[in-house]
There are 2 protein chains.
Amino acid sequence: MIIHEDDKGLGFLLGDAARLLRKVIDRRLQPFGLTRAQWAVLAMLASRDGLSQSELADELEIEKSTVGRLIDHVEASGLVERRPMANDRRFWHVHLTEQARPLITQVTEVILATRTEMLKGLTAEQQGRLGDGLAVVKSNLSAALEAATQLPRPS
Amino acid sequence: MIIHEDDKGLGFLLGDAARLLRKVIDRRLQPFGLTRAQWAVLAMLASRDGLSQSELADELEIEKSTVGRLIDHVEASGLVERRPMANDRRFWHVHLTEQARPLITQVTEVILATRTEMLKGLTAEQQGRLGDGLAVVKSNLSAALEAATQLPRPS
DNA sequence: AGCATATAGTAAGCAAGCCAACGGTTGCGA
DNA sequence: TCGCAACCGTTGGCTTGCTTACTATATGCT
């Protein structure tokens with residue numbers, strides 16, 4: 001009765017699901033001129049406007065060079081604005097523009113609809129367990145990454 | 001007690017976990033001169049040698065243009081060979097080379113070790129439920145993608 | 001004061017996805 | 001038989017991601 005797609009392994013399953021999700025969202029956001037990655041930036045700023053690029057990189061867990069390019073795009077689209085900081089000229093605060101607000105409310109609906117569609121057929125409890133499981137996996141992988149990075153073993 | 005990383009939503013969680021997994025595997029496969037995507041090709045050929053590129057694209061669920069470039073890489077590494085098909089000169093069969101075999105057994109161990117590491121702290125039943133949940137999500141997303149694609153409704 | 005170090009952001013290069021468009025083969029139908 | 005449709009693979013262009021290296025600015029230590 002259970003689906004048990006074990007042929008390809010959980011790792012591939014995880015990658016496939018994530019890739020599919022990106023594909024679906026990219027398509028649905030195309031009419032808005034956005035991609036999934038750009039939306040992640042906007043969504044973060046919607047709740048915490050004025051973050052610096054490095055803070056954004058930390059929150060989104062991607063590299064700062066990637067964040068820089070993403071902001072180039074959304075800034076070119078006029079959705080975001082880099083404002084210099086007075087006391088420290090090294091970094092910028094990234095702010096949403098006026099025209100971003102209405103677009104964000106629209107896109108949020110699309111995203112939420114997609115999420116419920118993606119979780120169709122799962123009970124609330126199953127969804128919770130899925131989230132818990134993914135969180136465990138994520139923290140295991142973070143640990144593995146750090147362990148691999150610090151080659152100098154602390155003995 | 002439960003981790004419940006719901007702030008960013010299940011979609012982001014899924015993407016984050018998948019991105020981390022790719023990062024970890026890419027690092028661990030770097031000594032072998034492989035990436036995660038190239039490994040996917042080799043793993044598929046290991047069980048079904050001689051597939052065509054289109055068949056590979058179907059199995060791996062990625063575009064044929066992506067498959068073509070992946071094969072360019074692994075072919076340049078000497079792990080794979082494009083053999084013309086006699087009766088139909090349109091396509092090639094992709095075959096593993098001799099030197100690929102031992103490498104595949106080595107890499108398989110790394111991959112399996114990473115999988116168990118990624119699932120550390122989850123019981124077998126939890127792992128099963130995680131896989132089932134992901135499979136449901138994946139099939140929901142596939143359906144969403146197809147629905148979006150076929151604009152001409154068959155009425 | 002002055003130099004070393006750390007930090008914010010940028011730039012260049014590569015891999016992997018996608019899409020769209022093209023060229024070469026095959027095969028079917030008029 | 002001829003031509004058109006379908007199919008396989010390639011190419012080019014775009015976005016995102018990582019890595020590494022670089023510039024500019026701050027800060028801290030001597």
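Excluded from the calculations below are hydrogen atoms, water molecules and symmetry mates; all remaining heavy atoms, backbone and side chain alike, are included. Throughout, protein chains are lettered first and strands after them, A, B, ... in sequence-line order, and every chain is numbered starting at 1.
For A:D72, the side chain to side chain donor-acceptor pair (under 3.5 Å) partners are A:R82, not counting sequence neighbours. In this view, A:T97 and A:E81, A:Q99, A:A100 satisfy the side-chain contact (heavy atoms from CB on, under 4.5 Å) rule, not counting sequence neighbours. Taking A:S65 as the reference, nothing meets the side chain to side chain donor-acceptor pair (under 3.5 Å) condition, with sequence neighbours excluded. Under the side chain to side chain donor-acceptor pair (under 3.5 Å) criterion, B:D26 pairs with no residue at all, not counting sequence neighbours. Residues that satisfy the side-chain contact (heavy atoms from CB on, under 4.5 Å) test with A:S77, not counting sequence neighbours, are A:L79. Here A:S142 pairs with B:L20 under the side-chain contact (heavy atoms from CB on, under 4.5 Å) rule; sequence neighbours left out. Taking A:K64 as the reference, A:A57 meet the side-chain contact (heavy atoms from CB on, under 4.5 Å) condition, with sequence neighbours excluded. Every salt bridge (charged side-chain N to carboxylate O under 4.0 Å, His left out) that A:R129 has, sequence neighbours left out, goes to A:E125.
For A:H73 and D:dC14, the shortest distance from a side-chain N or O to OP1 or OP2 is not below 4.0 Å. For D:dA26, one of the phosphate oxygens OP1 or OP2 lies less than 4.0 angstrom from a side-chain nitrogen or oxygen of A:R89.
A:D26 places its CG atom 11 Å from the P atom of D:dT15, with the value rounded to the nearest Å. As rounded to whole Å, 18 Å separates atom P of D:dT15 from atom CD1 of A:I25. Atom CZ in B:R83 sits about 19 Å away from atom C1' in D:dG9, given to the nearest Å. Atom CZ of A:F91 is separated from atom P of C:dT10 by 13 Å (rounded to the nearest Å). Computed from coordinates, the A:D58 CG to C:dA8 C1' distance equals 12 Å when rounded to whole Å. Rounded to an integer number of Å, the gap from CG of A:L34 to P of D:dT15 is 12 Å. Rounded to an integer number of Å, the gap from CG of A:L56 to P of C:dT7 is 19 Å. Following rounding to the nearest Å, B:W92 (CH2) and D:dC8 (P) show an atom-to-atom distance of 13 Å.
Listed by residue number, the members of residues 38-53 of chain B with any heavy atom below 4.0 angstrom from DNA chain D are B:S52, B:Q53.
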- Query: How would nucleotides 17-22 of chain C be written as a contact map, 5' to 3', with B for base contact, S for sugar-phosphate-only contact and - for no contact, using protein heavy atoms under 4.0 Å?
  - Reply: BBB---
- Message: Across nucleotides 1-7 of chain D, 5' to 3', mark each nucleotide with B, S or - according to how protein heavy atoms within less than 4.0 Å reach it.
- Response: -----BB
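Residue pairs that meet the side-chain hydrogen bond (donor to acceptor under 3.5 Å, both in side chains) test with at least one member in residues 29-45 of chain A, sequence neighbours left out, do not exist here.
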- Message: Please determine whether side-chain contact (heavy atoms from CB on, under 4.5 Å) holds for the pair B:V67 and B:V41, giving the CA-CA distance in whole Å, both sets of side-chain angles, and the decisive distance to 0.1 Å.
- Response: CA-CA 8 Å; B:V67 169; B:V41 171; 5.7 Å; no
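The hydrophobic clustering, which links ILVMFWY residues whose side-chain heavy atoms are closer than 4.5 Å, places A:W92 and A:L56 apart.
Among the atoms of the strands shown, none is found under 4.0 Å from any heavy atom of B:D72.
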